[in-house]
Amino acid sequence: MPHTEKIQTALSEIRRGSAEIITDEQIEKLLTRYYETGEPYYVKAGFDPTAPDLHLGHTVLLQKLAAFQKYGGIVQFLIGDFTGMIGDPTGKSQTRKKLTQEEVKANAKSYEKQVFKILDPEKTVVVFNSDWLGKLTSYEMIELASKRTVARMLERDDFEKRFKSGQDISIYEFFYPLFQGYDSVVLKSDIEIGGTDQKFNLLMGRHLQRAYNVGKEQVVMMMPILEGLDGVQKMSKSLGNFIGVTEDPNTMFAKIMSISDDLMWRYYDLLSARTIPQIEKMKEDVANGTLHPKRAKEMLAEEIVERFHSKEAASEAREEFNKVFKQKDLPTDMPQYEIEGPIWIAKALVEAGLEPSTSQARRDLAAGAVRIDQKKVEDKDLQLEAGEYILQVGKKKFAKVKVK
RNA sequence: GGUGGGAUACUCAAGUGGCCAACGAGGGCAGACUGUAAAUCUGCUGGCUUUCGCCUUCGGAGGUUCGAAUCCUCCUCCCACCA
């Protein structure tokens, strides 16, 4: 069979990094069919309409989708505008604010701009689940609800815990997984991918496709949750430990450099386009001392900056980083301000946006964190006379100030 | 519907009339050390007049008092138990 080898390569690329696949055999069948008849298959992934600012955590899924596109998959990029409105059960009953049509559209646009840096637009269908969920009649809702028993619902870890400990569970929360599964019925998806925390909801799609006689049961593929910069909690915007895909090259580079060495390998596995043998080789080289771990981290940072910006931006960002942090040199770009003088140093820091308040400035002065023209400020009462100064607070905050 | 309990700074959580800008932990910021980090140690962590001074904070609004986060009244929101 001439296809066998291709199929095996595709399979290993697709499997890579995944936490769990239900079932592997089904994927193999879909691939075989693709290579023999050219018939594509559909890969669904759902996204929340409220947060169009993607970070690297989201790109774990996106890159997996892109991998599928290389091997015959058509991506169903589902924007959960309906389910997003009611909110996924999280243990806390919180009503989400309802987004208007315009807001959803605007968010979707913003998604597309970011997502198509990774996905192939030719092989992507963008869909909104309000299109069908918003039109369900109450009869259809009841029918949907009849497909699953309470006992089975309570199997979901989150529900079970809350039920046992006597915390309340709203009836509407039961509908969330049902709706998500129903999406797969409507879209006739062959595969759905999501985070490991989505297992219950993903499996619901499988169950409902059977219950509605769709003629297929979607493959469920789970990707691990990417840890944030702190290496402990999952990457999320609200925790502030994220790297946004739209961040500028220097920030992105510096953020990646700030992760721990252990976490670096995790990022390699989940984010790098390097092959598994290449990464294994790097690990070995670091272990036996032929490759410096910092260099390994730089390579990762460059690769990721290049993906979202450009090759030039990536190497510039690396130079800038080493200039500022390693050689303790000054950055090439820094904000400039003109201030009326003479002025007390603490005030000047606030004026230049380096400090939020004079009280904070005073504290940092006392801590020895403030530098003028790279020299530590010893005198807390220092007055700046007319002239040009480079002010610095800590290692990261710089400003060029002209005192008039 | 009834009865109790609770709401404190970014988060958790002490404090129950003056010693409270408010213990402690986490987080954050900064310093030292490094390979940018991480780990470790140290300091700081409401604002303002250049600060041994003043102002605003303890769910909201009033009140008692020389003095309240602490006591009283009303309100808002959460939670538990019973229906």
Side-chain angles (χ1 to χ4, degrees), chain A residues 90-95 162-170 227-243 249-268 282 285-287 289-302 304-305 314 317-331 339 341-351 353-372 374-385 391-398:
Chain A
T90 54
K92 276 194 176 172
S93 49
Q94 45 175 315
T95 29
R162 282 201 276 157
F163 188 67
K164 277 190 178 155
S165 68
Q167 283 180 285
D168 56 51
I169 301 169
S170 298
E227 293 85 351
L229 299 173
D230 52 65
V232 181
Q233 287 178 287
K234 69 170 187 177
M235 183 176 284
S236 89
K237 205 175 176 192
S238 52
L239 291 172
N241 60 357
F242 68 102
I243 301 172
N250 289 342
T251 309
M252 206 180 251
F253 195 96
K255 279 190 177 180
I256 295 166
M257 289 308 283
S258 82
I259 64 175
S260 72
D261 289 356
D262 286 343
L263 189 60
M264 161 172 82
W265 298 117
R266 179 85 173 143
Y267 277 34
Y268 259 115
M282 287 178 72
D285 289 348
V286 167
T290 46
L291 179 64
H292 197 290
K294 191 197 165 204
R295 179 64 204 135
K297 208 181 289 177
E298 278 182 342
M299 287 159 73
L300 176 70
E302 277 181 275
I304 288 170
V305 172
R318 192 196 60 215
E319 279 167 31
E320 184 75 4
F321 179 83
N322 283 325
K323 195 172 161 190
V324 176
F325 290 97
K326 195 179 172 191
Q327 295 151 26
K328 294 197 172 153
D329 214 343
L330 296 170
I339 301 174
I343 184 168
W344 177 35
I345 177 68
K347 284 279 191 192
L349 291 169
V350 176
E351 290 278 319
L354 298 178
E355 294 281 18
S357 67
T358 54
S359 296
Q360 180 62 44
R362 184 188 292 276
R363 277 181 222 115
D364 280 334
L365 279 164
V370 178
R371 285 162 204 274
I372 294 177
Q374 310 213 63
K375 280 217 295 274
K376 191 195 277 184
V377 176
E378 308 280 358
D379 178 11
K380 293 185 290 295
D381 301 329
L382 185 73
Q383 293 290 327
L384 290 184
E385 303 296 337
L391 304 183
Q392 179 182 357
V393 177
K395 287 173 190 142
K396 294 170 202 156
K397 287 179 282 186
F398 296 90

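Throughout, protein chains are lettered first and strands after them, A, B, ... in sequence-line order, and every chain is numbered starting at 1.
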Within the side chain of [X], is there an N or O that forms a donor-acceptor pair under 3.5 Å with the backbone of [Y]?
X	Y	answer
A:Trp344	A:Leu384	no
A:Lys297	A:Ile259	yes
A:Tyr267	A:Glu227	yes
A:Glu320	A:Asn322	no
A:Thr290	A:Asp285	yes
A:Lys255	A:Phe242	yes

Residue mapping more 5' on RNA chain B - nearest nucleotide basis, A:Lys376 or A:Ile259: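 Between the two, 5'-proximity favours A:Lys376.
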Go nucleotide by nucleotide along RNA chain B from the 5' end; which of A:Ile256 and A:Trp344 gets its closest nucleotide reached first?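 By nearest-heavy-atom nucleotide position, the 5'-most residue is A:Ile256.
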Quick check: do A:Val286 and A:Asp261 have side-chain heavy atoms less than 4.5 Å from each other?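 A:Val286 vs A:Asp261: side chains apart.
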Return the pairing partner of [N] with a 3.5 Å limit on both distances, Watson-Crick or G-U wobble; otherwise return none.
N	value
B:A80	B:U3
B:A61	B:U73
B:U16	none
B:C54	B:G47
B:C33	none

Counting only side-chain N and O atoms of [X], is one of them less than 4.0 Å from OP1 or OP2 of [N]?
X	N	answer
A:Lys396	B:C29	no
A:Arg371	B:A30	no
A:Ser357	B:C48	yes
A:Thr358	B:C48	yes
A:Ser260	B:A37	no

Hey, does the side-chain of A:Asp261 have a donor or acceptor N/O within less than 3.5 Å of a partner on the base of B:G35?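 It does, because a donor-acceptor pair links the side chain of A:Asp261 to the base of B:G35 below 3.5 Å.
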Does the base of B:U36 carry an N or O that pairs as donor and acceptor with the side chain of A:Lys297 under 3.5 Å?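 Checked by distance alone, the answer is yes.
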Using whole Å, what does the distance between atom [atom2] of nucleotide [N] and atom [atom1] of [X] come to?
X	N	atom1	atom2	result
A:Leu300	B:U36	CG	C1'	13 Å
A:Glu355	B:C48	CD	P	11 Å
A:Asp230	B:C10	CG	C1'	15 Å
A:Asp262	B:U36	CG	P	18 Å
A:Lys397	B:A30	NZ	C1'	9 Å
A:Arg362	B:G53	CZ	P	13 Å
A:Leu263	B:U36	CG	P	19 Å
A:Lys395	B:G28	NZ	P	15 Å

Taking the [atom1] atom of each, how far is [N] from [M], in whole Å?
N	M	atom1	value
B:A21	B:A14	C1'	15 Å
B:C19	B:G27	C1'	29 Å
B:A37	B:G24	C1'	29 Å
B:A9	B:U45	C1'	10 Å
B:A68	B:A61	P	15 Å
B:C58	B:G4	P	27 Å
B:C78	B:G59	C1'	11 Å
B:G43	B:C48	P	25 Å

Just checking A:Arg295: base, sugar-phosphate only, or nothing, at a heavy-atom cut-off of under 4.0 Å?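 Answer is nothing: A:Arg295 stays at 4.0 Å or more from every strand.
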Name the closest nucleotide to the [X] side chain, picking from [options].
X	options	result
A:His292	B:U34, B:C29, B:G35	B:G35
A:Arg363	B:G35, B:G47, B:A37	B:G47
A:Ser359	B:G47, B:G31, B:A30	B:G47

Is the closest side-chain donor-acceptor distance between A:Arg363 and A:Gln360 under 3.5 Å?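 Their side chains do contain a donor-acceptor pair, which is all the 3.5 Å distance test asks for.
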